[in-house]
Protein chains: 2
Amino acid sequence: MDEATASIYFRFFNEIGILEQLGRARLEARLPKGMIAPHFSVLNHLIRVKDGQTPLVLARAFQVPKTSMTHTLATLQQRGYIDLRPNPKDARSKQVWLTPAGRAVRNQAILDMTPDFVELAKTFPREKIEEVLPLLENVRSFLDKARDP
Amino acid sequence: MDEATASIYFRFFNEIGILEQLGRARLEARLPKGMIAPHFSVLNHLIRVKDGQTPLVLARAFQVPKTSMTHTLATLQQRGYIDLRPNPKDARSKQVWLTPAGRAVRNQAILDMTPDFVELAKTFPREKIEEVLPLLENVRSFLDKARDP
DNA sequence: ACTAAATAGTACGAAATCGTATTAATGGAG
DNA sequence: CTCCATTAATACGATTTCGTACTATTTAGT
């Protein structure tokens with residue numbers, strides 16, 4: 001691979017990194033005081049996919065060490081956003097369930113983000129974003145499958 | 001804005017977030033033991049843009065608090081990748097200069113990443129990536145300008 | 001059934017990140 | 001020139017992230 005081609009891929013991931021940082025800053029500005037992006041991401045995942053999943057499954061979904069997930073879940077539980085119950089199918093394991101407060105704080109955060117999306121849509125209409133989403137999802141899926149489990 | 005449209009933008013940033021995590025994991029797997037993505041990013045920035053910049057300028061470029069940049073730079077200096085010298089134009093300030101070791105470790109990391117790009121290119125040819133880069137850069141620029149300095 | 005390997009979660013400590021407060025230097029108003 | 005608000009960097013402490021080691025439980029081989 002020639003250098004110019006490699007630098008295209010490099011720039012791609014570079015842009016992804018900067019966008020993530022800027023997007024995360026925006027998100028956290030809309031979250032309740034003290035709530036950070038990983039907290040929200042877990043709540044959002046539990047709603048989007050389903051709750052009742054085990055901490056390990058969540059850790060894998062987010063590509064973080066299970067010790068990190070333990071810490072995140074402990075914080076969310078302390079604040080009353082999730083319940084950690086024993087897993088009836090495996091006594092080593094647990095299940096993560098959303099509380100009404102957890103659902104509420106996630107839904108409110110989504111509402112609070114809408115003005116930002118409206119602002120963004122003035123310059124980047126929905127169609128522009130929809131054009132690039134498939135590639136992003138495919139690259140994500142590719143990298144996701146390629147990692148050693 | 002209707003909910004379906006908002007969810008397009010939400011999904012966009014969601015994909016960005018996951019891609020960043022997967023991309024960062026890949027990058028760090030290619031870096032020398034103990035070197036993490038922010039270390040590499042700073043070295044890379046100093047080469048791509050220029051060295052001799054002040055810590056505060058770097059903190060702003062990376063959108064991190066200046067205390068975080070102080071810590072990152074201290075680590076890079078400890079490992080001999082940068083020199084922190086007094087800023088002749090402002091005695092409160094410093095300048096960050098790359099050492100030959102710093103340049104070398106960055107260039108080697110880039111080389112080590114090429115096989116990953118080659119693998120990626122089999123499924124996602126350069127042209128596909130080039131198609132989406134402009135939008136990513138424009139959204140990044142938009143968010144960058146919209147933040148309160 | 002019995003033992004060994006694998007698995008789920010956590011305790012613990014190191015490193016990173018970040019907010020607040022502090023120190024030193026600058027620069028503008030008078 | 002003097003004063004003081006602003007700025008650059010850091011000290012410090014709280015929280016997050018993560019690697020290693022450990023405990024409890026399950027699974028698989030015999």
Side-chain angles (χ1 to χ4, degrees), chain A residues 17 20-22 24-25 27-29 31-43 52-79 81-97 147-149, chain B residues 17 20-22 24-25 27-29 31-43 52-79 81-97 147-149:
Chain A
E20 189 276 339
Q21 210 156 17
L22 294 169
R24 180 162 44 85
L27 165 63
E28 291 184 345
L31 295 177
K33 177 87 173 175
M35 172 167 279
I36 58 180
H39 300 156
F40 171 81
S41 297
V42 168
L43 296 180
Q53 300 183 65
T54 71
L56 189 59
V57 167
L58 291 173
R60 287 189 178 134
F62 286 97
Q63 271 282 86
V64 298
K66 53 184 180 173
T67 55
S68 303
M69 188 53 67
T70 296
H71 186 266
T72 301
L73 294 175
T75 303
L76 288 172
Q77 185 187 36
Q78 246 178 352
R79 299 184 186 178
Y81 296 140
I82 59 169
D83 273 336
L84 281 172
R85 304 194 205 138
N87 186 341
K89 296 174 184 164
D90 187 337
R92 292 169 302 180
S93 180
K94 295 187 176 174
Q95 288 182 333
V96 183
W97 295 95
R147 63 181 156 130
D148 21 319
Chain B
E20 189 276 338
Q21 211 155 17
L22 294 169
R24 180 162 43 85
L27 165 64
E28 291 184 345
L31 295 178
K33 177 86 174 177
M35 171 166 280
I36 59 179
H39 300 159
F40 171 80
S41 297
V42 168
L43 296 181
Q53 300 183 64
T54 71
L56 189 59
V57 167
L58 290 172
R60 286 189 179 134
F62 286 96
Q63 270 282 87
V64 299
K66 52 185 180 172
T67 55
S68 304
M69 187 52 67
T70 295
H71 187 267
T72 301
L73 294 176
T75 303
L76 288 173
Q77 185 187 35
Q78 249 179 350
R79 299 185 185 176
Y81 297 139
I82 58 169
D83 272 336
L84 282 172
R85 306 194 204 138
N87 186 341
K89 296 174 186 163
D90 186 339
R92 292 169 301 180
S93 181
K94 295 187 177 174
Q95 287 182 333
V96 183
W97 295 95
R147 62 180 156 129
D148 22 318

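Reminder, nothing fancy here: chain letters follow the sequence lines and each chain counts from 1. These values consider heavy atoms only, across backbone and side chains, with no hydrogens, waters or symmetry-generated copies.
Set against C/dA16, D/dT17, D/dT10, the side chain of B/T75 has C/dA16 as its closest nucleotide. Picking from D/dT26, D/dA8, C/dT26 the nucleotide with the shortest atom distance to the side chain of B/A91 gives C/dT26. Counting only heavy atoms from C-beta on, A/S68 has its side chain closest to D/dT17 among D/dA9, D/dT17, C/dT26.
In this structure, NZ in B/K66 is found 8.5 Å from CZ in B/R60, a value given to the nearest 0.5 Å.
By the 4.5 Å heavy-atom criterion applied to side chains, A/E20 and B/R24 are not counted as neighbours. Side-chain contact between B/H39 and B/T72 is present, with heavy atoms from C-beta onward closer than 4.5 Å.
At C/dT10, one or more side-chain N or O atoms of A/T70 fall inside 4.0 Å of OP1 or OP2 (strictly under the cut-off). Considering only side-chain N and O atoms, A/T67 lies nowhere under 4.0 angstrom from the phosphate OP1 or OP2 of C/dG9. For A/S93, a side-chain nitrogen or oxygen approaches OP1 or OP2 of C/dG9 to under 4.0 Å. Using a 4.0 Å cut-off, no side-chain N or O of A/H71 falls inside it from OP1 or OP2 of C/dA11. Residue B/T54 places no side-chain N or O under 4.0 Å from the OP1 or OP2 atom of D/dA8.
Rounded to whole Å, atom C1' of C/dT7 lies 9 Å from atom CZ of A/R60. Taking atom CD on A/Q95 and atom C1' on C/dA8, their separation rounds to 13 Å, with Å as the unit. In this structure, the CD atom of A/Q21 is 10 Å from the P atom of C/dT17, given to the nearest Å. Rounded to a whole Å, the CD atom of A/Q63 is 15 Å from the P atom of D/dT17. Straight-line distance from the NZ atom of A/K89 to the P atom of C/dA8: 14 Å, rounded to whole Å. When rounded to the nearest whole Å, the span between NZ of B/K66 and P of C/dA24 equals 15 Å. To the nearest angstrom, C1' of C/dA16 lies 13 Å from CD of B/Q78. Distance, B/L56 CG to D/dT6 P: 16 Å, rounded to whole Å.
A residue-by-residue look at A/R24 and A/V57 shows that A/V57 has its nearest nucleotide of DNA chain C further toward the 5' end. Nearest-nucleotide assignment on DNA chain D puts the 5′-proximal partner with A/T72, out of A/T72 and B/K33.
Within 4.0 Å of A/N87, counting heavy atoms only, lies no atom of the nucleic acid at all.
Each of B/T75, B/V42, B/L43 was scored for a side chain to side chain contact (heavy atoms under 4.5 Å, CB included) with B/Y81, with one residue passing: B/L43.
Contact of B/K94 with D/dA9 (side chain to base): no donor-acceptor pair of N or O atoms is detected under 3.5 Å. Checked by distance alone, B/R92 brings no side-chain donor or acceptor within 3.5 Å of a matching partner on the base of C/dT26.
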inquiry  = Between B/Q63 and A/L22, does the side-chain contact (heavy atoms from CB on, under 4.5 Å) criterion hold? Intermediate values first, please.
reply    = CA-CA 8 Å; B/Q63 270 282 87; A/L22 294 169; 3.5 Å; yes
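When atom types are taken as modelled, the side chain of B/Q21 and the backbone of A/F62 share a donor-acceptor pair closer than 3.5 angstrom.
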